[in-house]
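This one's a predicted model, so the numbers in the text were calculated from it and none came from an experiment. Convention: sequence-line order gives letters A, B, ...; per-chain numbering from 1. The figures here come from the full heavy-atom set of this structure, side chains too, leaving out hydrogens, waters and symmetry mates.
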Amino acid sequence: MPAGMRLPWHSGVAPAFSFPRGFLLRPVTQVARDLLGARLTSTAGGERTVGVIVECEAYGGLDDPASHAATRKGLTARNRTMFGPAGRAYVYQSYGVHWCVNVVTGRPNDPQAVLLRGLEPLEGEDVMILRRFGRRPTAAGPGRLCQALGVDGTLDGHDLRRSPLLLEPGWHVPDELVGVSARIGVRLAADRPNRFFVRDSRGVTP
DNA sequence: GAAACGATTATCT
DNA sequence: GATAATCGTTTCA
């Protein structure tokens with residue numbers, strides 16, 4: 001059995017109908033864990049592309065030194081979306097080159113977010129590959145994920161319940177398929193096990 | 001104002 | 001494994 005063929009979205013079971021009430025208002029590490037298996041649909045640019053989230057990282061509130069919203073920074077022009085309501089997209093540019101998208105969680109003025117780092121294509125993989133100029137892996141890594149979905153800074157603050165970028169429930173990923181580690185590319189708070197990923201998925205950072 | 005620095009990736013050896 | 005690309009945000013003078 002090839003890697004990635006035993007995952008829930010390959011089982012033929014229909015995805016969940018809705019998120020539990022208050023899903024995004026729980027502690028951000030718990031939200032990150034449970035966003036594994038959720039679906040992300042982009043219709044940016046008119047082409048429909050859908051993926052299932054297989055890797056993400058939790059960025060805690062004011063007490064997380066690695067967060068853009070750490071206490072010593074507070075509210076800034078860049079991170080203001082994190083201070084807004086849950087369910088919005090926080091999109092920022094990394095290294096002046098790559099767009100990265102987060103799901104904002106928690107209550108307003110309690111800035112928490114989940115960085116989406118890896119996706120397994122469900123629909124429109126051909127379009128994703130074209131957007132990536134043929135490069136692979138298709139959507140493993142936050143910059144690649146945004147490129148594959150056509151996400152850029154114009155979507156910062158976007159309500160993820162609506163097109164063109166829609167976050168929906170998917171499949172439960174059992175604990176034995178979930179890996180946990182320190183966050184990638186972060187020097188501060190390297191001891192926090194805030195990265196969650198689906199073992200053996202091709203959408204996870206190599 | 002100026003300068004340093006990334007929640008990264010592609011491409012080279 | 002090393003490094004360039006590339007620019008907005010943040011920090012410091």
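Between A:I53 and A:L167 there is a side-chain heavy-atom pair separated by less than 4.5 Å.
Sorted by first and then second residue, the pairs that involve residues 60-70 of chain A and meet side chain to side chain donor-acceptor pair (under 3.5 Å), not counting sequence neighbours, are A:D64-A:R183, A:H68-A:Y90.
For A:V127, the side-chain contact (heavy atoms from CB on, under 4.5 Å) partners are A:E47, A:T49, A:R131, not counting sequence neighbours. Applying the side-chain contact (heavy atoms from CB on, under 4.5 Å) test to A:P20 and every residue at least two apart in sequence or in another chain returns A:F23. Residues satisfying the side-chain hydrogen bond (donor to acceptor under 3.5 Å, both in side chains) criterion with A:E123, sequence neighbours excluded, are A:R48. The side-chain hydrogen bond (donor to acceptor under 3.5 Å, both in side chains) test applied to A:D152 returns A:T154, not counting sequence neighbours. A search for side-chain contact (heavy atoms from CB on, under 4.5 Å) contacts involving A:I184 returns A:E55, A:E57, A:R117, A:R195, A:T205, not counting sequence neighbours. Partners of A:D110 according to the salt bridge (Lys or Arg N to Asp or Glu O under 4.0 Å) rule, which considers only residues two or more places apart in sequence or in another chain, do not exist here. Scored by the salt bridge (Lys or Arg N to Asp or Glu O under 4.0 Å) test, A:D34 finds A:R26 as partners (sequence neighbours excluded). Applying the side-chain hydrogen bond (donor to acceptor under 3.5 Å, both in side chains) test to A:R132 and every residue at least two apart in sequence or in another chain returns A:Q147.
Scanning DNA chain C 5' to 3' for nucleotides with an atom closer than 4.0 angstrom to a non-hydrogen atom of chain A gives a first and last hit of C:dT6 to C:dT11.
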* Structure fact -> Whether each nucleotide of nucleotides 4-13 of chain B has a protein heavy atom under 4.0 Å at its base (B), only at its sugar-phosphate (S) or at neither (-) is summarised, 5' to 3', as --BBBSS---
* Nucleotide-level pairing of DNA chain C, given in dot-bracket where Watson-Crick and G-U pairs need both distances under 3.5 Å and | marks other strands -> |||||.||||||.
